[in-house]
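Counting starts at 1 for both ligands and their atoms, in listed order. The model shown is predicted, which means the values in this text are computed figures rather than measured ones.
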Amino acid sequence: MTSPETITIRRPDDWHVHLRDGALLAGVAPHTARQFARAIVMPNLSPPMMDSAGVAAYRARIMAALPDDTSFTPLMTLYLTDHTDPDEVARGHADAVFVAAKLYPAHATTGSAHGVTDIARIMPVLARMEAIGMPLLIHGEVTDAHVDIFDREAVFIARTLEPLVKALPGLRVVFEHVTTAEAVQFVESAGPNVAATITPQHLHINRNAMLVGGIRPHAYCLPVAKREHHRLALRKAATSGSAQFFLGTDSAPHARHLKEAACGCAGIFNAPYALESYLAVFEEEGALDRFEGFASEHGPRFYRLPLNEGTVTLERAPVTVPEEIDVGGTVIVPFHAGETLGWRLRS
Ligand code: DOR
Ligand code: ZN
C-alpha cells in the first residue's frame, strides 16, 4: 500500500478539553479553535462551574477570548456536586446552556475538591439526566488513599461504574480519558449508551515515560499513564472503528513552574498539535482510513449533534514541536516538546 501525502477529513471536534480562565484562557483557546470546530469544555475552574449562570458567563468569556469571526463553538458542561439540583440541570440543558454534566469524584484530580463524595447522593440528578437523554461525563477513578494510583480506574469500574449503568441503563455515559484495558473492555461490553474518550498521551506513552531515567513531570496527568499492555489496548480501541471511542484530548495546561515542582500539577498541554499527534498513531496502526470516524463522526453521533460541515487537511511534512510555548504570558511545555511529528495541519 502506498502512503498518502495528504489526508482530508470532515472538521473534527475535541470532546474533552480544559480551556482555563483569565489570561490563560486567551492564550489557550485559540490553539483548540485552530484545530477543532467544537469542544466539550471542562468545568473544573476555581471555583467550579456549578450553576447555569456561571456556565453561561464562562461561555461568554471563551467567546470574548477568540476573534469575532471565529467558527469555533464551545460546548459547555456543568460541574456536579453533592448538592446539584435536578431541576437546575434539566433547565440548563433545555435552555442549551450546557450539553452535559461532569462527575468528578471529590479530590480525584485538579479542581475536584467540590466534586461528588458519594454517587448515591446524586442519583436523583442522574435519573433525571437519564430521562432527558443528557450525557454524563465521568472522571473514572476512586479516591481512597489505600487504592494504588495505578489501580484507581479499574477499581472505579467495578465499584461505581458497573453498578451505575446497571441501575440506570438508559443513562448516556462518556467514560473520559480511559487509560486501561479494563476500561476498554467495560465500554465494549456496555452497549451503545456508553462511550469513551481517549487522549493522545495515553496512546503514545506508558508509565515509563514518566519515571525512567528521571522523573518527568510533563508526562504526568490524571489518570496517570499505565503499563504498556494498557496503551496497546487503547490504541486498538481508538483505531478499531468502534463508534464507542472518540477523540478527547484532555489538553490541560499548567505553567512550566507549576509542573516542575516538588508537587507538580497533573495535566498535559496537547492542544497545539493534537491532530498531528493522533494521526501519527493511526498511521502507525495502519488505520488512516479510521481516523475520520474517531476524530469527526463518533463524537457528534454519541452527543446527537450534527456532523460538522467542511474539512481539514493534514499533509505529510516534518513538524518540530517547540520546547515551550508562550500562552498569554505563561510558559507551558507542550506534549511532544522537542519531538518531530510527521504530519502538519494545513492552515
Ligand atoms: O491531568 C489532569 N489535569 N487530569 C484531570 O483530570 C484534570 C486536569 C486539569 O484540569 O489540570
Ligand atoms: Zn480533563
| message | Would R172 pass as a cation-pi partner of F302, given that its NZ or CZ must be under 6.0 Å from the six-membered ring centre and within 45 degrees of the axis? | response |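 Yes, R172 sits over the ring of F302.
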### Query
In terms of hydrophobic clusters joined by side-chain contacts under 4.5 Å, are I198 and V224 together?
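No, no single cluster joins them.
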(message) Tell me if the aromatic rings of F291 and Y278 count as close, with their centers under 6.0 Å from one another.
(response)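 No, they do not, as the ring centres are separated by 6.0 Å or more.
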- What do you reckon, are the aromatic ring centroids of H202 and H204 less than 6.0 Å apart?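 For H202 and H204, the ring centres are not under 6.0 Å apart.
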Counting only heavy atoms, which portion of [X] has something under 4.0 Å from ligand 1: side chain, backbone, both, or neither?
X    : value
I268 : neither
T109 : side chain
Q201 : neither
M42  : neither

**Message:** So if I apply the ring pair (Phe, Tyr, Trp, His ring centres under 6.0 Å) rule between F269 and each of H254, H31, H336, which one comes out positive?
**Reply:**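 Per the ring pair (Phe, Tyr, Trp, His ring centres under 6.0 Å) rule, the option paired with F269 is H31, out of H254, H31, H336.
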Exercise for the section: Report the C-alpha distance between L164 and I138 in whole Å, list the side-chain angles of each, state the deciding distance to 0.1 Å, and finish with yes or no for side chain to side chain contact (heavy atoms under 4.5 Å, CB included). Expected result: CA-CA 11 Å; L164 176 65; I138 300 184; 4.0 Å; yes
**Study point:** Identity and distance of the protein heavy atom lying nearest atom 4 (N) of ligand 1
**Key:**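 That would be L222 O, 2.8 Å.
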| query | Which protein heavy atom lies closest to atom 3 (N) of ligand 1, and at what distance to 0.1 Å? | reply |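 Of the protein heavy atoms, A266 O, 3.0 Å lies nearest.
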Give yes if a backbone or side-chain nitrogen or oxygen of G267 is under 3.5 Å from a nitrogen or oxygen of ligand 1, and no if not.
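N/O-N/O distance below 3.5 Å exists for this pair.
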* Asked: Counting both backbone and side chain atoms, is some N or O of H254 under 3.5 Å from an N or O of ligand 1?
  ->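 Among all N and O atoms of H254, at least one is under 3.5 Å from an N or O of ligand 1.
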Please evaluate residues Q201 and N270 with respect to the criterion side-chain hydrogen bond (donor to acceptor under 3.5 Å, both in side chains), reporting the C-alpha separation (whole Å), side-chain torsions for both, the decisive distance (0.1 Å), and the verdict.
CA-CA 8 Å; Q201 57 267 22; N270 58 33; 2.8 Å; yes
Which ligand 1 atoms are under 4.0 Å away from a heavy-atom of [X]?
X    : result
H139 : 6 (O)
A252 : 3 (N), 8 (C), 9 (C), 11 (O)
C221 : 1 (O)

Point to revise | Side-chain heavy atoms of I119 within contact of L103, under 4.5 Å | key: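 Side chain of I119 against side chain of L103, heavy atoms only: contact under 4.5 Å found.
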With a sphere of 6.0 Å drawn around CG of L232, does it hold more than 12 non-hydrogen atoms of other residues, nucleotides or ligands?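 Yes, because the 6.0 Å sphere around CG of L232 holds more than 12 heavy atoms from other groups.
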| query | By residue and atom, what protein N/O/S atoms are less than 2.8 Å from the Zn ion (ligand 2)? | reply |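 Hits for the Zn ion (ligand 2) below 2.8 Å: H16 NE2, H18 NE2, D250 OD1.
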Under-4.0 Å salt bridge between E182 and K226: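 No, no charged N to carboxylate O under 4.0 Å.
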Any carboxylate oxygen within less than 4.0 angstrom of a Lys/Arg side-chain nitrogen, looking at R235 and E284?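 Salt bridge present between R235 and E284.
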*Any heavy atom of R20 sitting closer than 4.0 Å to ligand 1?*
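The answer is yes: ligand 1 sits under 4.0 Å from a heavy atom of R20.
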Legend entry - Nearest atoms (heavy-atom pairs only) where I332 meets A255: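 Closest approach of I332 to A255: CG1-CA, 4.2 Å.
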